[in-house]
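Here's the structure we're looking at; comments come further down.
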Amino acid sequence: MIDLHCHSNLSDGLLSPELLLDKALAHKVAVLALTDHDTIIGLTHLHQYALNKPIKIINGIELSARWKNHDIHILGLNFNLKNDLLIELIDQQTLSRINRAQAIAAKIEQLGIVDVFEKAKKIAGHSRIGRVHFAQVIMQEKNLTDKQQAFKCYLGRGKPAYVPTQWASVDAIVTAINMAGGQAVIAHPLKYKLTQTKLEQLILAFKQAGGIGFEVVSGEMTLAQVQQAAKLCLHFDLLASTGSDYHGDGLSRVAVGRQRSLPLGCTPIWQHWEF
Ligand code: AMP
Ligand code: MN
Ligand code: MN
Ligand code: MN
């Protein structure tokens, strides 16, 4: 089994990279890419822990991009960790994330909750602060039991605590991944609720920037969605990627390595990788 999309507690996942790897091994994952949001910190831990274990670790990251007022996620896979351009881009994203967190906190305070930034920071701990942590603050304060509800009513696009963020452009992200010798992949393409025309525009912009990959299989996709994504992947002559997008038990319905299989006919992005 190959899983090229999952999260550790260095971003918004629940498990440490080590515990994530143990779970991946138990699920017979042979090739694993950790793709935390806008950070590569977990990869060093993971490489070290994977030594002498029957699993191949692929460097990965899930970068947030701003495209035409939409937040799009681009996966970087199999890149060199020491590339200056990529490191600089990640540093910029970290700053954008912190600035956005302060803006989100201010918006949530307008809803009558106090000390929001401090509360979210405490929940995040060593993790990169993100909307998931603010969702937990809102859940505690508004007595919600469902995280989806916190996104739907407060944190989602166009909702009272939504902050449009100056993430890097698709072009800058794809360029940095390519310069670092990696491959760029449009993550969970059907999750952005784009019209068919818009989605095709995004794919063309991504390809123009030098992107080559399309995530045909993601954890929460139905079979019909996988088939739809496979069709787009073939139509636009892209290489197919697959990943669970596992964040932890209770957060994700599909565990690491347990996503659907890649439809026949798709060319896997790992076709020329050395395992
Ligand atoms: P951020 O990178 O801080 O903008 O957070 C994005 C993350 O929030 C996603 O990767 C998911 O883990 C989570 N997320 C986004 N939308 C939802 C939702 N509707 N329900 C639950 N979690 C969500
Ligand atoms: Mn996430
Ligand atoms: Mn994502
Ligand atoms: Mn993800």
Side-chain angles (χ1 to χ4, degrees), residues 3-15 20 32-40 42 60-67 69-77 90 93-105 107-108 116-117 120-121 123-124 127-139 144-159 161-168 170 173 184-194 202 213-215 217-221 229 241-256 259:
D3 191 336
L4 302 176
H5 187 163
C6 61
H7 297 270
S8 76
N9 62 0
L10 276 310
S11 66
D12 54 2
L14 295 180
L15 300 179
L20 181 68
L32 180 72
L34 173 65
T35 53
D36 275 317
H37 296 283
D38 303 297
T39 177
I40 51 174
I61 188 166
E62 182 170 19
L63 287 158
S64 316
R66 193 79 183 154
W67 179 79
N69 292 329
H70 293 276
D71 295 316
I72 305 295
H73 289 173
I74 308 278
L75 299 170
L77 296 176
I90 294 169
Q93 298 279 97
T94 304
L95 272 180
S96 303
R97 190 167 276 282
I98 295 166
N99 291 337
R100 180 190 65 162
Q102 274 155 351
I104 292 175
K107 286 200 162 188
I108 297 176
V116 175
F117 190 75
K121 196 86 193 105
I123 292 169
S127 313
R128 287 292 195 261
I129 195 163
R131 282 186 292 167
V132 164
H133 308 113
F134 287 103
Q136 277 168 266
V137 175
I138 293 171
M139 284 165 72
L144 303 179
T145 49
D146 184 5
K147 195 168 282 176
Q148 294 273 9
Q149 222 179 329
F151 275 90
K152 215 170 148 188
C153 303
Y154 301 98
L155 292 158
R157 191 175 140 84
K159 296 299 181 298
Y162 177 77
V163 174
T165 312
Q166 283 313 307
W167 299 120
V170 168
I173 287 175
V185 175
I186 300 182
H188 43 66
L190 303 182
K191 226 178 164 183
Y192 308 116
K193 301 194 180 90
L194 299 174
L202 168 66
F214 201 66
E215 198 174 46
V217 179
S218 179
E220 310 229 321
M221 284 166 87
S241 192
T242 174
S244 60
D245 205 2
Y246 179 66
H247 282 71
D249 293 351
L251 285 184
S252 302
R253 279 195 291 273
V254 175
V256 61
Q259 74 276 19

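Ligands are counted one by one from 1 in listed order, and the atoms in each one are counted from 1 as well. Counting begins at 1 with the first residue of the sequence.
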request  = Please determine if Arg128 and Asp38 form a salt bridge, counting it only when a charged side-chain N lies under 4.0 Å from a carboxylate O.
outcome  = no
query = Considering only heavy atoms from C-beta outward, does the side chain of Asp71 approach that of Arg66 to under 4.5 Å?
reply = yes
inquiry  = Donor-acceptor check, side chain of Gln93 to backbone of Ser64, threshold 3.5 angstrom: yes or no?
reply    = yes
request  = Look at atom CD of Gln102 and say whether more than 12 heavy atoms of other residues, nucleotides or ligands are closer to it than 6.0 Å.
outcome  = yes
query = Would you call the rings of His247 and His7 parallel, tilted or perpendicular if under 30° counts as parallel and over 60° as perpendicular?
reply = parallel
inquiry  = Rounded at 0.5 Å granularity, tell me how far OG in Ser252 sits from CD in Gln259.
reply    = 11.5 Å
request  = Please name all residues satisfying side chain to side chain donor-acceptor pair (under 3.5 Å) with Asp36, sequence neighbours left out, ordered by chain then number.
outcome  = Ser8, Ser11
ask   = Can any side-chain N or O of Asp245 pair as donor or acceptor with the backbone N or O of Ser218 at less than 3.5 Å?
value = no
task = Write down, by chain and number, every protein residue that brings a non-hydrogen atom to less than 4.0 Å from an atom of ligand 1.
result = Asp12, His37, Arg97, Arg100, Gly130, Arg131, Val132, Gln148, Phe151, His247
inquiry  = In the structure I gave you, are the side-chain heavy atoms of Leu77 and Val185 within less than 4.5 Å of one another anywhere?
reply    = yes
request  = State which residues pass side chain to side chain donor-acceptor pair (under 3.5 Å) with Arg157; sequence neighbours excluded, sorted by chain then number.
outcome  = none
If only protein N, O or S atoms under 2.8 Å count, total around the Mn ion (ligand 3) = 3
inquiry  = Quick check for you: with the Mn ion (ligand 4) as the vertex, what angle do NE2 of His7 and NE2 of His5 span, to 10°?
reply    = 100°
